[in-house]
Amino acid sequence: YYPTPLPDEDDERVAAWVYDALAQIAVQKPFSISNVRCLVDLYGREAVSTTLKRMLVLYEKGKISHPAGFMVVATRVHWVAAQARTGVPALTPRFRGEQRKVRRKGSQKKRANDAQFAL
């Protein structure tokens with residue numbers, strides 16, 4: 001996805017701002033910086049920064065329980081509204097961030113048992 005910084009410095013600055021904000025307030029694991037860069041590249045700097053400001057206000061009021069999910073959905077909604085104002089029909093791009101690799105607890109135990117019987 002986006003292991004390197006975005007070419008536009010302003011886009012990268014917004015991505016870092018969103019990443020830091022989500023890392024400070026997220027109860028669950030926050031977005032990776034790669035996923036935030038993807039969000040900025042997909043929907044644009046203006047949509048992401050506006051949504052972040054709105055999310056921070058709503059979070060302070062206790063109205064958001066999943067900040068990362070809110071960022072994705074509200075940014076997409078903002079982007080769609082901006083496209084509708086221009087009058088140019090466009091298909092809405094879907095955010096498909098990279099998935100975190102989750103280790104299963106059973107697989108470690110199985111490897112330990114396999115190693116024990118291999119001797």
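Bear in mind the structure is a predicted one, so any value in this text is a computation, not a measurement. FYI, the numbering just counts along the sequence from 1.
- Applying the salt bridge (Lys or Arg N to Asp or Glu O under 4.0 Å) definition to pairs two or more places apart or across chains, those involving residues 41-55 are D8-R45, D11-R45.
- The one candidate from V40, V48, L52 that meets the side chain to side chain contact (heavy atoms under 4.5 Å, CB included) condition with T75 is V48.
- Interatomic distance, M55 CE to H66 NE2, rounded to the nearest 0.5 Å: 13.5 Å.
- When the side chains of ILVMFWY residues are joined at heavy-atom separations under 4.5 Å, either directly or via intervening members, F70 and V80 end up in a single hydrophobic cluster.
- Contact record, A68 with L22: N-CD2, 4.0 Å, taken as the closest heavy-atom pair.
- Of the inter-residue distances, the one linking R76 atom CZ with L42 atom CG reads 9.5 Å to the nearest 0.5 angstrom.
- Here the shortest heavy-atom pairing between A74 and T51 reads CB-CG2, 3.5 Å.
- Across every non-hydrogen atom of A15 and V36, the tightest pair is O-CG1, 3.2 Å.
- Of the possible donor and acceptor atoms, one in the side chain of Y59 sits under 3.5 Å from a partner among the backbone N and O of I25.
- In this structure, H78 and Y43 have side chains that are not in contact, with every pair of non-hydrogen atoms separated by 4.5 Å or more.
- V57 is not connected to W17 by any chain of hydrophobic side-chain contacts under 4.5 Å among Ile, Leu, Val, Met, Phe, Trp and Tyr, and they are in different clusters.
- By the rule that hydrophobic residues join a cluster once side-chain heavy atoms approach within less than 4.5 Å of another member, V18 and L58 end up as members of one cluster.
- Put simply, the residue from N35, L39, I33 that forms a side chain to side chain contact (heavy atoms under 4.5 Å, CB included) with R37 is I33.
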